[in-house]
K.L.:
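Starting off with a structure, shown below.
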There are 2 protein chains.
Amino acid sequence: MARRSDHSRDELREMAVNAGQEIIKNEGFSNFSARKVARNIGYTIGTIYNIFESHDDFILHINIITLREMCGFIAENTTETGEDAIKQMVSSYIKFAQNDYNRWSALFEHVMPNNTPLPDWYDEEVKKIFLLVGSHFMAITNDAEAAQMASRTIWASVHGICQLGMTGKLDIIGAQSIQELTDSLIENYLKGIKL
Amino acid sequence: MARRSDHSRDELREMAVNAGQEIIKNEGFSNFSARKVARNIGYTIGTIYNIFESHDDFILHINIITLREMCGFIAENTTETGEDAIKQMVSSYIKFAQNDYNRWSALFEHVMPNNTPLPDWYDEEVKKIFLLVGSHFMAITNDAEAAQMASRTIWASVHGICQLGMTGKLDIIGAQSIQELTDSLIENYLKGIKL
DNA sequence: ACCTGAACACCGTTCAAGT
DNA sequence: ACCTGAACACCGTTCAAGT
């Protein structure tokens with residue numbers, strides 16, 4: 001039918017991404033679909049594919065917003081330095097996952113098909129978190145390589161505890177228990193590297 | 001059409017689960033479908049739903065086989081005791097994930113819709129792994145509660161490192177690097193709890 | 001009693017046909 | 001040049017109709 005041009009390409013992208021965020025937030029990642037977004041913004045499925053390369057590309061454009069917000073939330077709540085900063089970051093991460101479970105879990109429920117690598121623009125955003133954590137480890141060890149290793153180890157570990165905890169695979173209940181395990185992790189790990 | 005009775009209910013279940021395992025192993029979880037399984041075993045989609053409660057129930061019956069095999073593999077390769085046992089378990093876990101990536105990742109790519117809890121028969125199998133790890137921690141701490149906390153912390157952490165590592169979100173390459181991070185984790189964490 | 005397969009209500013993806 | 005929406009090839013789920 002008609003070329004509507006009610007909205008510019010950029011406006012359409014923003015509308016689609018916002019509508020997608022809303023669906024994930026309210027109904028969970030498993031209930032997200034590109035067709036549902038199209039219906040919600042009053043366009044057809046063809047328009048979505050006109051704007052995004054593929055279903056995965058669309059999802060990544062939604063998830064990167066969550067990633068940025070999460071990163072911002074963590075940075076905001078990290079007021080101390082060194083060891084305290086690391087504890088604050090972990091607590092904020094858990095809080096974000098708890099408050100916005102559907103959006104947080106969409107970050108990990110979406111898996112690229114087979115072994116397709118993440119596009120650079122998304123990958124960079126992931127790396128930013130490690131840089132942030134790494135900078136605070138630098139204040140503790142003063143050894144760039146050790147700080148990098150420690151920040152990756154701690155961050156991935158916290159994520160694992162959070163994920164298994166949130167999905168009921170740790171036989172623990174609530175964010176408080178998750179916090180206890182990450183506390184145990186950080187406390188003992190930091191003791192270890194300071195020996 | 002016809003009531004075929006070529007196979008008993010149990011035989012059908014086994015055929016379906018085996019066919020499902022094969023698809024996941026060779027084509028990855030994203031390419032699995034109940035209809036594909038039906039085609040592969042020469043039955044119709046109706047038969048699959050006759051045998052399993054739902055799509056999720058079907059997947060859990062496939063995944064529990066993987067879970068049992070993984071558990072067996074880890075137990076087989078754990079010949080030492082105490083701290084060495086824990087290191088062996090972690091190495092075996094990484095090895096299993098590496099050798100059988102598609103089946104291992106299906107364990108985590110499958111997420112129950114919204115907040116449906118895992119059925120008891122599946123949940124129990126998950127707990128067995130923690131019991132196994134926990135028993136070896138008991139040899140180190142002699143404190144049941146501390147051992148439980150340590151085993152959950154370590155196991156969930158190892159899983160997180162493995163998952164982010166395998167999906168390219170840690171900016172590291174290969175199983176060797178993953179092993180380095182888990183080594184760092186275990187070494188420092190154990191130092192910490194022994195202080 | 002058991003199994004089928006058509007029917008239903010969805011998907012992601014493509015692209016000829018319209019303006 | 002841009003957008004549509006029909007068409008294609010799939011899904012999971014249900015259940016009346018067959019044997």
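All figures in this text were calculated on a predicted structure; none of them were measured in a lab. Protein chains get the first letters and strands the later ones, always in sequence-line order, with residue 1 at the start of each.
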K.L.:
D/dT14 C1' sits how many Å from B/H55 NE2, rounded?
P.N.:
16 Å
K.L.:
State whether A/R9 places a side-chain N or O below 4.0 Å from either non-bridging phosphate oxygen (OP1 or OP2) of D/dA1.
P.N.:
no
K.L.:
In this structure, how many angstroms lie between the P atom of C/dG12 and the NE2 atom of A/H110, rounded?
P.N.:
12 Å
K.L.:
Identify whether any heavy atom of A/T44 sits under 4.0 Å from a base atom; if not, whether one sits that close to sugar-phosphate; answer base, sugar-phosphate or nothing.
P.N.:
base
K.L.:
Look through every strand shown and name the nucleotide pairing with C/dC11 as Watson-Crick or G-U wobble, where both distances are under 3.5 Å.
P.N.:
none
K.L.:
Of the non-hydrogen atoms in A/I48 and A/A38, which two are nearest, and what is the gap between them?
P.N.:
CG1-CB, 3.9 Å
K.L.:
Which whole-number value in Å describes the distance from A/E27 CD to C/dC11 C1'?
P.N.:
15 Å
K.L.:
Testing the basics here: between B/M15 and B/I41, what is the closest heavy-atom pair and its distance to 0.1 Å?
P.N.:
O-CG2, 3.7 Å
K.L.:
Tell me: CZ of B/R35 to P of C/dG5, nearest whole Å?
P.N.:
12 Å
K.L.:
In this structure, how many angstroms lie between the C1' atom of D/dC2 and the OH atom of A/Y49, rounded?
P.N.:
19 Å
K.L.:
Anything under 30° is parallel, anything over 60° is perpendicular, the rest tilted; go ahead and classify A/W104 against A/Y101.
P.N.:
tilted
K.L.:
Is any side-chain N or O of A/R39 closer than 4.0 Å to OP1 or OP2 of C/dC11?
P.N.:
yes
K.L.:
Checking base pairs now: Watson-Crick or wobble, both atom distances under 3.5 Å. What partners C/dC2?
P.N.:
D/dG18
K.L.:
For the pair made of CD in A/E53 and C1' in C/dG12, what is the distance, rounded to whole Å?
P.N.:
15 Å
K.L.:
Counting only side-chain heavy atoms from C-beta out, which of D/dC3, D/dG12, D/dT13 sits nearest to B/A34?
P.N.:
D/dG12
K.L.:
Here's a test of your reading of the structure: between B/G46 and A/G46, which maps to the more 5' nucleotide of DNA chain C?
P.N.:
B/G46
K.L.:
With the side chain of B/S33 defined as its heavy atoms from C-beta on, choose the nearest nucleotide among D/dC3, C/dT13, D/dC11.
P.N.:
D/dC11
K.L.:
Atom CD1 of B/I59 to atom P of D/dC11: distance rounded to whole Å?
P.N.:
13 Å
K.L.:
Rounding to an integer number of Å, can you tell me how far A/D57 CG sits from C/dG12 P?
P.N.:
14 Å
K.L.:
Does any donor atom in the side chain of A/Q179 or A/S91 lie under 3.5 Å from an acceptor atom in the other side chain?
P.N.:
yes
K.L.:
Surrounding CD of B/E27 (heavy atoms of other residues, nucleotides or ligands, distance under 6.0 Å), is the total greater than 12?
P.N.:
yes
